[in-house]
Amino acid sequence: CIMEIGGVPPQRILEQATRVKMFFDSSGNPRLVPNSRGKTRRPGAKDMQGVLRTSEGKYVDFLQGCLRWDPRERFTPEEALHQEWILEGYARHAAQREQRGGGGGGGG
């Protein structure tokens with residue numbers, strides 16, 4: 001459940017939801033219902049890095065920026081492309097291409 005990692009959505013987000021009464025009580029608290037295995041998931045109980053089992057902080061930062069509840073706070077596509085994790089991955093990929101002798105050049 002995304003709330004296990006991201007916590008409860010802000011009230012402003014809940015006010016815009018169409019099925020909020022199905023998942024939250026009148027005070028804005030989530031309805032905690034056990035799943036088919038009897039496990040009840042609790043908001044904010046897990047951290048993204050632990051769930052992903054990674055020590056790559058830039059990757060976690062990237063995902064957290066993409067998954068923010070409030071779309072105004074979430075990365076835009078342009079902002080996402082300029083995050084360190086993306087830029088470093090692109091630089092690694094470009095360096096590997098150059099080592100293999102594949103410079104750009106193909107299109108036209």
Side-chain angles (χ1 to χ4, degrees):
C1 173
I2 192 71
M3 284 195 302
E4 277 186 291
I5 297 168
V8 177
Q11 187 61 37
R12 190 181 76 68
I13 300 297
L14 294 177
E15 289 168 358
Q16 298 172 6
T18 55
R19 300 187 314 159
V20 70
K21 290 179 181 172
M22 194 174 198
F23 302 102
F24 294 85
D25 66 20
S26 59
S27 302
N29 299 311
R31 298 182 191 277
L32 302 179
V33 180
N35 65 15
S36 60
R37 288 183 250 144
K39 180 177 177 173
T40 301
R41 299 179 182 275
R42 304 206 177 276
K46 296 182 178 181
D47 72 308
M48 177 90 66
Q49 195 160 359
V51 169
L52 296 173
R53 296 182 183 149
T54 182
S55 60
E56 180 60 58
K58 292 174 186 174
Y59 174 58
V60 173
D61 292 343
F62 173 77
L63 287 178
Q64 287 176 328
C66 292
L67 297 173
R68 290 191 181 121
W69 286 115
D70 191 334
R72 297 178 306 185
E73 296 174 9
R74 198 176 302 146
F75 290 154
T76 64
E78 184 70 23
E79 290 169 335
L81 287 172
H82 289 92
Q83 295 304 306
E84 283 186 71
W85 183 73
I86 295 291
L87 295 173
E88 288 175 3
Y90 178 77
R92 259 192 315 275
H93 178 72
Q96 289 172 352
R97 277 191 17 219
E98 282 189 21
Q99 287 176 351
R100 290 191 307 252

Calculate, to the nearest 0.5 Å, the distance between atoms [atom1] and [atom2] belonging to [X] and [Y] respectively.
X: His82; Y: Glu78; atom1: NE2; atom2: CD; answer: 5.0 Å
X: Leu32; Y: Phe23; atom1: CG; atom2: CZ; answer: 13.0 Å
X: Gln64; Y: Phe75; atom1: CD; atom2: CZ; answer: 9.0 Å
X: Arg41; Y: Asn35; atom1: CZ; atom2: CG; answer: 5.5 Å

Given 3.5 Å as the limit, does a donor-acceptor pair link the side chain of [X] with the main chain of [Y], or not?
X: Arg74; Y: Leu67; result: no
X: Trp69; Y: Gly7; result: yes
X: Arg31; Y: Lys21; result: yes
X: Gln49; Y: Thr54; result: yes
X: Glu98; Y: Ala94; result: no

Should [X] and [Y] count as side-chain neighbours, where that means a heavy-atom distance under 4.5 Å?
X: Arg12; Y: Asp70; result: yes
X: Ile86; Y: Phe62; result: yes
X: Trp85; Y: Leu63; result: no
X: Met3; Y: Pro9; result: yes

Task: CA sep, side-chain torsions, deciding dist, call: Glu84, Lys58, salt bridge (charged side-chain N to carboxylate O under 4.0 Å, His left out) - done: CA-CA 7 Å; Glu84 283 186 71; Lys58 292 174 186 174; 3.2 Å; yes

- [ ] Return the minimal non-hydrogen interatomic distance between Gln11 and Gly28, and the atom names on each side.
- [x]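 Minimum heavy-atom contact is OE1-CA, 4.4 Å.
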
TODO: Tell me whether Tyr90 is reachable from Leu81 by hopping between hydrophobic residues (I, L, V, M, F, W, Y) whose side-chain heavy atoms are closer than 4.5 Å.
DONE: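 They do not share one cluster, since no chain of ILVMFWY contacts under 4.5 Å joins Leu81 to Tyr90.
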
Open item on the list: Using the rule that Ile, Leu, Val, Met, Phe, Trp and Tyr join whenever any side-chain heavy atoms are under 4.5 Å apart, tell me whether Met22 and Ile2 fall into a single cluster.
Closed with: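 In one cluster with Met22: Ile2, yes.
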
